[in-house]
Structures are given as C-alpha cells and as structure tokens.
K.L.:
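Before anything else, here's the structure in question.
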Amino acid sequence: MTDTTAAAATGHRLPADLPERIQHYIDGEFVDSLDGETFDVLDPVTNETYVQAAAGQSADVDAAVAAARRAFTDGPWPHLLPRERSRVLHRIADLVESRDQRLAELESFDSGLPITQALGQARRAAENFRFFADLIVAQSDDTFKVPGRQINYVNRKPIGVAGLITPWNTPFMLESWKLGPALATGNTVVLKPAEFTPLSASLWAGIFEEAGLPQGVFNLVNGFGEQAGDALVKHPDVPLISFTGESRTGQLIFANAAPHLKGLSMELGGKSPAVVFADADLEAAINATIFGVFSLNGERCTAGSRILVQREIYDEFVERYAAQAQRVRVGYPHQESTEVGALVHPEHYDKVMSYVELGKTEGRLVAGGGRPEGFETGNFVAPTVFADVPPEARVFQEEIFGPVVTITPFDTDGEALALANNTAYGLAAYIWTSDLKRAHNFSQAVEAGMVWLNSNNVRDLRTPFGGVKASGLGHEGGYRSIDFYTDQQAVHINLGEVHNPVFGQ
Ligand code: NAD
C-alpha cells in the first residue's frame, strides 16, 4: 500500500476511502480472479503501488461472457421498450452527475489528470449517457413501399454480448462512450478497462445497480490486454468488439478477431496537424494550439501535436507559443490551478521522455525538454516544444501521447496539405485561417476523420467520431453508434401476386 509519508512529502493528496482491492464485477457480484491473480496499480505522482487489482484470465472472461449471454438471452434488457431503457440511462446520467466530484477525484488520482479536467470528463460521461438515452427513443427505422407489391421494413435488433476494451486516457469518459450506445440498444456487455487505470471503472457497478440495470447486463473484467483483453477478443460468444487504443494493438485485435468475423469498431492513435495560416486570428490560434496539445496532459488521441505554421508568421508564432508553453502550469493533479498533471505510469513517462531526448536531436528545443522544476519524482514532464522539425523526424511522425509538440514552417497551401497528410495517422485536423474558400478546400482535402475550423476540439455528439488511415476503422457517434451495436434485418412482405417463377413444371 501507499507510503503516505512519501505522498505527504511531495504535497500530494490521496483521496479518502480508497478501495482495499479492485475486483471484477460479474453477474451482479464483485469477485476476485478465479486463480486469485492480482496486479499492482500505481499512483502516478509517487509511482508507488496503492492498490492491487484482480488480473483477469480467460476463465474470468468466460464467466463474465456467460453472465452477459444469459442476461441477453433470458433477461428483460434487450426486450424493453426504448423508453424503458432510456429511463435507466437517464438515471445513470443523473447518478454520474451527482457523483462528479468523487469520480473526478478518483480519476485524477489514478490517471494523473488535472482535477478540473477530470471533472469535465466526468460530466461528459453523464452527457454521453443522456445523449444515447434521448437518441434511442427518437430512433426511427426505414420502411419502403413498392406500390401494390411489397412493404419492406428494417427490424433493428441488439446483437448480443459486446466486448468493450478501453484505454487509460480519460478512462471513465471513454468507457461511457461505449457503454452508453451498447446498453441503449439492448446489448449486454463485458468491459475490459485499461490496466494502468482500473479505479473509476469499478464505480460503474454501483451506479448501474442503483439505476436499475438488470443483473448480468454489465460485467467488468480487469486485467492485462494480452490476457483478459485477448480472451474477450477471441471469445466465440462475443460478436462485437469496440476498441479504443493504440493502432498497433488495433492491428493485433483485428487479426485475432478475424477467424470469428466479429463486428469491429476501432478508435486508434493520432498525430493530428494544427495548420495555422498567416491570415489566422493569431491570438486564438495560439491559445487553441496550446490547449490542443497540453490539455489532458497531452494524453489525448485528438491532440494537435504537429503544428504547421505559414512562413510569414512563423518566427512570431514560435516565439509567442514557446513563451506561453513555458507559462503552462504543471502541478499536482488534485490542485485546481494545475494545467498539466502527472503522466499516467512510469512506463509511459519513459516513453515520452525518450521522445523528448530524440526531439533535441531532430528539432530546435524552444520550451521544456525535461522534468519541470520542483518535481523530482513522479511522472511530470514540462510542456515541451520543438521548432523547425522536418517531416521525416520521428517526433513529427510518431504518436508521443504526452505534452510534447512539434512546429514546422510551410510556404504554400499545397505544401501545408502535403505536410498535414504526411503521417500514417488521420484522426483530427485543426485549421486556422480567415479565408473561407481555403478553409473549406483544405478541410475537405486533409486526410482526417474530423476537422475543426478556427476551433478547438469541441464535440457535437451527433457527428461521426473516428479516424482514417492508421487512426481507425468505422465511425461511432450519433446514429452511427446505434448502427454499430445493432443488426438491421430487412423484412420483406408481399402485398400482391406472388412473384414466383415456377421451376420444375
Ligand atoms: P493500448 O492499445 O495499449 O491499450 C488499450 C486497451 O487495449 C487496454 O485496455 C489494453 O489492456 C487492451 N489491450 C492491449 N493489448 C491487447 C490485446 N492483445 N488484445 C486485447 N486487448 C488488448 O492503448 P493505451 O496505451 O491504453 O491508450 C493510448 C492509445 O489510445 C493512444 O494511441 C491513443 O491515441 C489511443 N486513443 C484513441 C482514441 C480514439 O478515439 N481514436 C481515444 C483515446 C485513446
């Protein structure tokens, strides 16, 4: 358990009433792994183990899938009226909202996210449930008339047990993004949260019980990706996998799911460009591109981590950007004033730091470049900015997933587009210009699943969410999530003469 003296010495604060251990939740019960295996969960500020979590193996996944399967075939959930399911989802949203402070406290502690941003994510989790609660009652399906001959309609059905595999950045919110539509559509689920951050996921069980979700509809198996996650992906009774995580893991899951021909939704990595033209509102562009890469500790799939700046304003941009990056407040995750907290885990810290060192050989360091002053332990990284970074640099090409950004100059629109598209990824793009034609033409040509024009990353839950190229497969968001979690069966009814070419007369 945590050495509280060490924590106190760092000015760090531990939440009250931390659980003594983190268990699975299967068929309405908190349980340990069948073989008793556990793994260490670390506090990102001290890197000390603060709790043990159950390490799920395939036997635990089998039990969770069996419970979810029973709840699907024998339970009421898939057959409820949309309004009835919607009421449960609204109650879930109410409960999440009413516990937002506690959720944020635990999430911030477990993941190292700044408390104010964790609070925003908790509220967004509630909003995800509310959104799908509303959408499911407004859901309409197609009916087609062939005059005098046929009426054909779509019979939309939940699919079965959905396997939900989630990453450690904004864990609770990203879990809600999958749980909301999966449950709204009448499926039952097995959630496998990320092993770095299992704390907040356990809270779902109590919230769902209180909201009246029937037993067995929600199941949670903690553990490592290669064990619990892999068993879920390969389980024959799990026809759907919704995965958010690294592109490399996505490729592996794609291959492992292939023999079962599962439905897959993949939300993967990113290296998104933020393109700033000389005619942009520079103040707004600087504020947005600072927030775009340093919020959520830079551990953000849609981070604008490659800034491309038109030559005329390049020097001024770099100077102002570097100065502002140096003013971004690194601090303990629980402090209200903190803008960048601690990275999630020492392994991730080492990875980000290795890119910081690499960047010093590939570009010109203009801010950060190591540990921030006053933080001698824990996973703290000073907001780091590299200018003059060429497109072949690894720090330009590879997802770092930390508070590290590259800046690269360009001259023409064509050059900006070539640079923007010059990575394996294609998740988001941010364009800053006051020229309307350029804004639209550039947006439409850029290889990105989502584009924000003169805007930070502000989501509209009705729009498609997802990436192209190595950033993903399929889109969720709005009715697309409903489509992913349902089968659309076409039912054809003959109204006229039987159309019957007669064989064998
Ligand atoms: P990760 O791929 O290491 O892990 C994600 C989840 O997959 C974890 O729960 C992990 O245990 C599990 N997993 C790992 N190996 C597995 C396997 N072989 N079979 C089944 N499950 C397995 O990703 P991460 O490091 O947790 O998250 C960071 C990544 O997620 C970044 O690349 C980021 O861009 C991406 N991300 C994408 C989006 C998006 O919407 N596109 C959103 C958030 C994060």
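Remember, it's 1-based here, ligands and their atoms both numbered in the order they're listed.
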K.L.:
Pairs of nitrogen or oxygen atoms, one from ligand 1 and one from the protein, closer than 3.5 Å: please tabulate them with distances.
P.N.:
from: ligand 1; atom 1: 2 (O); to: Glu246; atom 2: N; distance (Å): 2.9
from: ligand 1; atom 1: 2 (O); to: Thr249; atom 2: OG1; distance (Å): 2.6
from: ligand 1; atom 1: 9 (O); to: Thr166; atom 2: O; distance (Å): 2.7
from: ligand 1; atom 1: 9 (O); to: Lys192; atom 2: NZ; distance (Å): 3.1
from: ligand 1; atom 1: 11 (O); to: Lys192; atom 2: NZ; distance (Å): 2.7
from: ligand 1; atom 1: 11 (O); to: Glu195; atom 2: OE1; distance (Å): 2.5
from: ligand 1; atom 1: 11 (O); to: Gly225; atom 2: N; distance (Å): 3.2
from: ligand 1; atom 1: 19 (N); to: Gly225; atom 2: O; distance (Å): 3.4
from: ligand 1; atom 1: 23 (O); to: Glu246; atom 2: N; distance (Å): 3.4
from: ligand 1; atom 1: 25 (O); to: Trp168; atom 2: NE1; distance (Å): 2.9
from: ligand 1; atom 1: 26 (O); to: Trp168; atom 2: NE1; distance (Å): 3.2
from: ligand 1; atom 1: 30 (O); to: Gly245; atom 2: O; distance (Å): 3.4
from: ligand 1; atom 1: 32 (O); to: Glu399; atom 2: OE1; distance (Å): 2.6
from: ligand 1; atom 1: 34 (O); to: Glu399; atom 2: OE2; distance (Å): 2.6
from: ligand 1; atom 1: 40 (O); to: Glu267; atom 2: OE1; distance (Å): 3.3
from: ligand 1; atom 1: 41 (N); to: Leu268; atom 2: N; distance (Å): 3.2
from: ligand 1; atom 1: 41 (N); to: Leu268; atom 2: O; distance (Å): 2.7

K.L.:
Does the plane of the ring in Phe401 sit parallel, tilted or perpendicular to the ring in Trp168? Use 30° and 60° as the thresholds.
P.N.:
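It falls in the perpendicular class, over 60°.
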K.L.:
What's the verdict on ring-ring contact (aromatic ring centres under 6.0 Å, His included) for Phe208 and Tyr25, showing C-alpha distance, side-chain angles and the deciding distance?
P.N.:
CA-CA 11 Å; Phe208 290 158; Tyr25 179 77; 8.5 Å; no
K.L.:
If we ignore hydrogens and angles and just use 3.5 Å, is the side chain of Ser33 paired with the main-chain N or O of Ala55 as donor and acceptor?
P.N.:
yes
K.L.:
Before you tell me yes or no, could you show the steps for Phe484 and Trp177 under ring-ring contact (aromatic ring centres under 6.0 Å, His included), namely the whole-Å CA-CA distance, both residues' side-chain angles and the distance that decides it to 0.1 Å?
P.N.:
CA-CA 13 Å; Phe484 175 70; Trp177 178 240; over 10 Å; no
K.L.:
Suppose we call two aromatic rings close when their centres sit under 6.0 Å apart. Are Phe380 and Tyr332 close by that rule?
P.N.:
yes
K.L.:
Tell me, please, which residues at least two apart from Trp432 pass ring-ring contact (aromatic ring centres under 6.0 Å, His included).
P.N.:
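By the ring-ring contact (aromatic ring centres under 6.0 Å, His included) rule, Trp432 matches no residue at all.
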